[in-house]
Amino acid sequence: GWDSSGWTRYYNYTAELYVCRMTGEEPREGMIRDGWKEFHHSAWGYDDRMWSLLCWPEPSGKTRPTPVLSGWTRPSCAAVIDHAPTRSRLMLCADRTSESLQGIGRYQCNPNHVLYEVGGRAIFGDGGKDGATPLLPGAEEELSAWMPEETAKAILDVYGTFDRYLSGIDTGLPGMANTVLVNGNRTWFPMKPASGRCIYENRTDDRHVIGFDSLPLYCPDAGLTKARRFIAMRQDGVAWIVDDYRSEKPDTRYEWQLFLPPDTRVNGSVAHVRQADQEISMAWPGTPALLHEHPGFPKPIDTSAWPNIGSRRLTFSFHGTRMTSAMILLPRHEESVSVEPDGADGWYARWPGGEDRMVMPSANAMQPVPVTCPPTMDGDEPAWEEPPYSTSYPTSVLLDILYQDPLPPWRNVAMALSALESRGHSEAGSIALMLLRKPDVIYHIRSIACRVLSRAGSADALPDLERFRMCPEPNIAVRAETAWNAIHRNEVIA
């Protein structure tokens, strides 16, 4: 359920089978068999099946331990709590954003984004969108209000309107995350690598509690000093989401939001959520909540995990210098659930036959983790050696491949162009420019063409590279930027 791809079943088996081969553990064969025949594009589906078979371990007789509670934490990325009996998973994300304007649709700005699933069904919505309907009406005015003038001009020069630009990145903006929005800002992102950080982790047999601070993922103009969210789950699967936001400005506004399945109903401060055959209940202190229809978000790539197109957005609002909130998640239906404050930083929840308390960890218990976010791609690539599989091809054959009309399969074109550049052929740059200019060429070819132009390009390519610097596909944009700079610095190997 991460980034614009959305929720999907567990399809990519190579990594698990490789680990099992190294450790001697038995793979989860039943789950693998369930999804084996279902084609899926994620991780190049057919490639995954091939490598899975190659990595499949010999039976060892070992069994995989199944603790009631388990999970993992990546300090500058995300954390997960899993509950085996109910097949529940609660995930807290604060992963690094993109350094490019185009990449934010994939390297999303997700401050304290949460994902939740129960019994193999996604409960919180995330992913791509259905159709061209704007997800964030009025976002173009909001975007142009905070974005630097020169950046906004560059976007308009390439896209014509902010609407067209937003259509490629809107699913990556905070307004489409399960998060807390501040001062109504749905579109702000850092325009540089940034992430939240883990500030607390305590995992015991009885309960797991994880906390992140996502301050770097919020606009500095909001005056925030803390942007903290905690997730917790106890050994019966009952879970919590708890927030603590602080601001220096007394007029700060906070909007708490979750995207839920269309079959969600709210009764006071309790929401009952039905997803296919799974039903859960969730409750919060008596803050009034609203439900907003979102018919085009999310669009699933796998209807077995998220069977709907569309969602309902649950929201409630706060204002002031401090915002604290709590929500309890019950992995089953409970018609009556109540949550109320319990001291300065705690909450007490009660339902028929059960109760729980959640207390926010004290400041002394938190251990901030320093985080640095290097760029995804710094633009500098070493010269590529010719791939072994192309060395047997004479240069004449490579040229024939590249001059065919229509072009052969993209893998053949990519191989031929890379090999030609590796051999230092005089036509490599002109052919790369020809391919870059072709309409309807798959992005892989354009990406390699830009890489070749960074080493074999000329001033003739500058207008085209200028245009592709703002391309919505991040790999093309970064390599076009690199080639454009290389030509301007006269560092091109012609």
Side-chain angles (χ1 to χ4, degrees), residues 96-107 109 143 147-160 162 164-165 168-169 172 189-195 372-387 402 410 413-439 441-494:
R96 49 107 54 222
T97 59
S98 174
E99 69 272 20
S100 76
L101 293 168
Q102 302 89 347
I104 200 67
R106 297 298 300 271
Y107 289 92
C109 188
L143 193 72
M147 188 168 279
E149 184 177 350
E150 64 276 11
T151 305
K153 182 179 182 302
I155 288 175
L156 291 174
D157 286 345
V158 173
Y159 291 87
F162 277 116
R164 290 180 181 174
Y165 170 61
I169 66 155
F189 59 96
M191 295 200 298
K192 64 180 181 180
S195 76
T372 58
C373 289
T376 313
M377 294 177 66
D378 61 11
D380 295 326
E381 295 184 72
W384 285 16
E385 294 184 4
E386 182 172 355
L402 295 169
W410 72 264
V413 177
M415 177 274 295
L417 184 58
S418 296
L420 207 64
E421 190 266 327
S422 297
R423 298 178 189 183
H425 194 276
S426 60
E427 293 185 48
S430 61
I431 293 176
L433 183 57
M434 174 192 71
L435 294 173
L436 191 63
R437 290 172 173 172
K438 273 184 174 289
V441 172
I442 193 169
Y443 78 91
H444 309 79
I445 295 176
R446 286 198 170 123
S447 178
I448 291 177
C450 288
R451 184 190 66 79
V452 170
L453 289 170
S454 70
R455 299 181 55 80
S458 66
D460 293 344
L462 287 175
D464 300 275
L465 293 171
E466 178 73 34
R467 180 164 58 94
F468 280 102
R469 289 167 74 188
M470 297 298 297
C471 174
E473 208 291 310
N475 295 287
I476 298 174
V478 171
R479 283 175 162 166
E481 176 82 16
T482 302
W484 189 89
N485 288 331
I487 294 172
H488 270 280
R489 293 195 310 261
N490 295 317
E491 292 181 0
V492 171
I493 302 173

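Using modelled atom types, no side-chain atom of S447 and backbone atom of Y443 make a donor-acceptor pair closer than 3.5 Å. Listed for the T97 side chain is a donor-acceptor partner under 3.5 Å among the backbone atoms of K192.
Residues R96 and P193 approach most closely at NH2-CB, 3.3 Å, considering heavy atoms. Residue I448 comes nearest to R479 through the heavy atom pair N-NH1, 4.2 Å, listed as atom of the first residue, atom of the second, then distance. The nearest pair of heavy atoms linking C109 to I104 is N-CD1, 3.8 Å. Here the closest heavy-atom approach between residue R451 and residue S418 is recorded as NH2-OG, 3.6 Å. Minimum interatomic distance between A461 and I487 (heavy atoms only, all atoms of both residues): CB-CD1, 4.3 Å. Closest heavy-atom contact between L465 and W484: CD1-N, 3.8 Å.
Here Y165 contributes atom OH and L143 contributes atom CG; the two are 6.5 Å apart, rounded to the nearest 0.5 Å. For the atom pair L436 CG and C450 SG, the distance stands at 4.5 Å (nearest 0.5 Å). With rounding to the nearest 0.5 Å, the separation of CD1 in I476 from CZ in R467 is 10.5 Å. Between atom CE of residue M434 and atom CG of residue L402 there is a gap of 6.5 Å, rounded to the nearest 0.5 Å. In this structure, CG in L420 is found 10.5 Å from CE in M415, a value given to the nearest 0.5 Å. Atom CZ of R164 is separated from atom CD1 of I155 by 14.0 Å, given to the nearest 0.5 angstrom.
Applying the ring-ring contact (aromatic ring centres under 6.0 Å, His included) rule to F468 yields no partners; only residues at least two apart in sequence or on another chain are considered. Listed by chain and number, the residues in a side-chain contact (heavy atoms from CB on, under 4.5 Å) with L156 are F162 (sequence neighbours excluded). For A432, the side-chain contact (heavy atoms from CB on, under 4.5 Å) test picks out L417, A449, V452, L453, with sequence neighbours left out. Remark: P463 engages no residue in a side-chain contact (heavy atoms from CB on, under 4.5 Å) (not counting sequence neighbours). With sequence neighbours excluded, no residue satisfies side chain to side chain donor-acceptor pair (under 3.5 Å) with K438.
Taking 4.5 Å as the limit, every side-chain heavy atom of V413 sits out of range of all side-chain heavy atoms of H444.
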Could you go step by step and tell me if K153 and E150 meet the salt bridge (charged side-chain N to carboxylate O under 4.0 Å, His left out) rule? CA-CA 5 Å; K153 182 179 182 302; E150 64 276 11; over 6 Å; no
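For residues 426-437, every residue pair satisfying the salt bridge (charged side-chain N to carboxylate O under 4.0 Å, His left out) rule, not counting sequence neighbours, is listed here: R437-D464.
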